[in-house]
**Q** 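Dumping the structure here so I can ask a few things about it.
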Amino acid sequence: MIHEFKKRWVSFGIGLIWLFVILWPLLGIKPEGLEFGTTFALWGKLAVAALCIMIVYELNVRGVFDGAKKAGSAITGSTRKAYAAIPQWLLLLILLALALVFPSMTGRYGHDVACNVLIYVCLGLGLNIVVGLAGLLDLGYIAFYGVGAYTYALLSIHYQLSFWMSLPIAGCLAAIAGCIIGYPTLRMRGDYLAIVTLGFGEIVRLILNNWMELTNGPNGLSGIKRPGVYWLDMTNGWTLEHFWVKKVWMYYYVILFIAICTIIAVYRLNYSRIGRAWEAIREDETAAELMGVNTFLLKLLAYASGAVFAGFAGAFFASRMRFVSPESFTFLESAMVLAMVVLGGMGSIPGVILGALALIALPEVFREFDLYRMLVFGGVMTVMMLVRPKGLWPAKRVGRRSEEMD
Amino acid sequence: MSESKEVILELRDVTSAYGNIEALKGISLKVHKGEIVSIIGANGAGKSTTLMTICNIVPTVKGDIFYQGERINALGSEVLPTMGLCQVPEGRRIFPRLTVTENLEMGAFFRKDQAGIKDDMERAFEFFPKLRERRRQLGGTLSGGEQQMLAIGRAIMSRPKVLLLDEPSMGLAPLIVQQIFKIIEEINSQGVTVLLVEQNANLALQASHRGYVLETGSVVMEDDASALLSNSDIRKAYLGE
C-alpha cells in the first residue's frame, strides 16, 4: 500500500518534470532569446490541474467515494435494465424519427455537417466489410469513393444521365475497380496487402490528376447536375412533380436514404453465410480454406461489395458539391475512414456510425479552440482509444446468431 | 473396426516444396477404408507437410494424389471438404473470435441441410460434452484441450469420410491426450477413416492399424502398427528406449 502510494507520486513528479522539459522548448525559445516566465505560468496551471486530479484519484483508491459509487452503479444497473426492457425496434424507430426531424431542429450549418457525417457513415460501413469483417487492411479505400464521384460527374456532364440512373453505375464501376485491385493483390496477406492498397489509392488519385482529357486534371470537373426527385404536389390536385434538390436539407434526406439502404444491406451481409465466412477468413485464412470456404472468391467479394458503398457515397458527394477534383481523394481521407472503423469498433455497425459521428462532428464542436482544434481532437482520440481499446461500441460477438438457434 | 482392402487415399511418389526448399522427396502411402493410419517421425520430417500437400495448401510439385480413385492434385483446398476429406490442422487453428457454436457451424459451411447440421452439432456435443457447456463462449477463451476438441468437433461437422489429424496431442496434458485418442478411435469405429500425424509415436501406434515412419521427407518404413511398436530400431529412435 505504502509502496504503491510512493510509486504513484514518484511517477507523477517525473511526469511533471518531463512535461516542463517538453513545454519549455515550445514556449521559451524565442527570437529575442530564452525566456522562462510564460512556460512557468502555463506549466504551473497544468501542474495544479494535474495535482487536483491526482488527489481525487488518491481519495478514490483509499475508498472515500465507495458509497457514492455504489449508488452510481445501482443507478446505471437499473437504467440498463430499463434499456433492455425496451424492444429494439422501438429504439430504432425513435432513432429514425430523430433522423427524420433533424433538419427542422437545426440550421444550414447543422444540415451540412449531418450530410458529411452520413457520407462517412456509408464509407465507414463499406470499409467495415473489408477491414472489420474480412480482416483485410485497405489503405486505399478512398479510391473507390473517387471512382464513384467521377463516374457520376462524367455521366452527368457528358450524357446528362440523372443521379438515380448513375448511382447503380457508379456502384458497379467502383465494384469493378475493387475487383481490379483485388484480383492480383489478394494473394498477399497483412502488411503487404496494406502497402499495395496504399499504392493503388495513390495511383487512382494520380490518374484523376493527370488524365487531362477525361478528368480535367487538378482543375476538376464542374457543372454536375443536382439529383432530381419526384414529389407529390398538392397545389392543383394530386400530381407527381419533378424538381431538383437544391437546399441542403433536401440533400440530407437523399444521403439519409442512401445511408439507411447501406445500413440495411451491410446488416444483412453481416449476418449471412457470407458474413460468417468473412469472419472465418479474418480469424484464420488457412483454417477457413480447410473448412471449405473459397477464400479467394470471398475476399474478392468483400473488396467489391465494400467498394459499391463507397461508389454510392462518391456519386452523392459529386452531386452535393457539384464539383469534383482529385484533392478530395487523398490518402488522408482513407486514413480518416479507417480511423472511424477502428475508433467505432471493428465489425460493429452502430460502432462505425458512432465513429463517423465522432470524427466528423467532434472537430466541428471543437471549433472554439480554434488554433488548437486538431490538437484537442488528437488528444480526445488518444484518450478514447485508451479508455475503450475495442472501440466505442465493440461488435457484440457473444450470443449473437447462435443464440437465435437455441 | 472392419478393415476392407479398398484404398480410399493414396499418394504416389509425391514431391512438394516451400519455394526452393524441398519438403517431401517422393512419398508414397496408402490409406484403406476404415483404417487408422499414423505417420510418425521427428521434427521436420515432413509429417505436417504431407497433410498440407494432400489438402493442396502446399502445392504438389511431382507425383499424384488419389482420393476415392480420383486425382485431386489440382483441386482447390476448399473443394476437398465437400468430397469428405477434412483436416484438423496443426495447432488446432480454431476461429478465436467466433463462439463455439459458430466454430462448429463453420465446419458445416458448405452444407445446406439445416436439419442434418443440427443433428451433427448434437453428435459433436455428445462426443465433447465440455463444448456444450461452453457453446456460447468465444473459441479463443477455451483451454488448449477444449480447443483441440473444438477443432475435431468442427471437422466432424463436415461429415468426413477421411479425417486428417495433425498432432492432436500437441501441448496437452497426458490425461486429455488419452481422452482425445479415445474419441478418435470412437470416430473411427463409426466408419471414418483416419490419417494421423503424431510426434507421440507410442500413443499413435497403439491407436492405429498401420504406420508410416517419415525421415527428412521420405518414407523409411511402413508396417502394421503392432510390428512397428515392437521394432527395436523404432523403439530406439522414437519411443525413447
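In this text the structure is predicted, and so the values were computed from the model without any measurement.
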**Q** Over all heavy atoms of both residues, which pair between B/Ile54 and B/Leu164 is shortest? Give the atoms and the distance, please.
**A**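 Of all heavy-atom pairs spanning B/Ile54 and B/Leu164, the closest is CG2-CD1, 4.0 Å.
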**Q** I need the residue from B/Pro96, B/Gly76, B/Cys86 with the largest number of non-hydrogen atom pairs under 4.5 Å to chain A.
**A**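 Of the options given, most contacts go to B/Pro96.
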**Q** Is it the case that B/Gln199 and B/Asn43 place a side-chain donor and acceptor less than 3.5 Å from each other?
**A**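 The criterion, which ignores hydrogens and geometry beyond distance, is satisfied for B/Asn43 and B/Gln199.
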**Q** Could you tell me which portion of B/Ile57 (side chain, backbone, both or neither) has an atom closer than 4.5 angstrom to a non-hydrogen atom of chain A?
**A**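 B/Ile57 touches chain A through side-chain heavy atoms alone.
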**Q** Kindly give the heavy-atom pair with the smallest separation between A/Ile349 and A/Tyr267, and that separation in Å.
**A**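 Smallest heavy-atom distance, with atoms named: CD1-CA, 3.5 Å.
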**Q** Under 4.5 Å heavy-atom distance to chain A, tell me which part of B/Ser77 shows up: side chain, backbone, both or neither.
**A**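 Both backbone and side chain.
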**Q** Rounded at 0.5 Å granularity, tell me how far CG in A/Asn270 sits from CD1 in A/Ile129.
**A**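 Here the interatomic distance stands at 8.5 Å.
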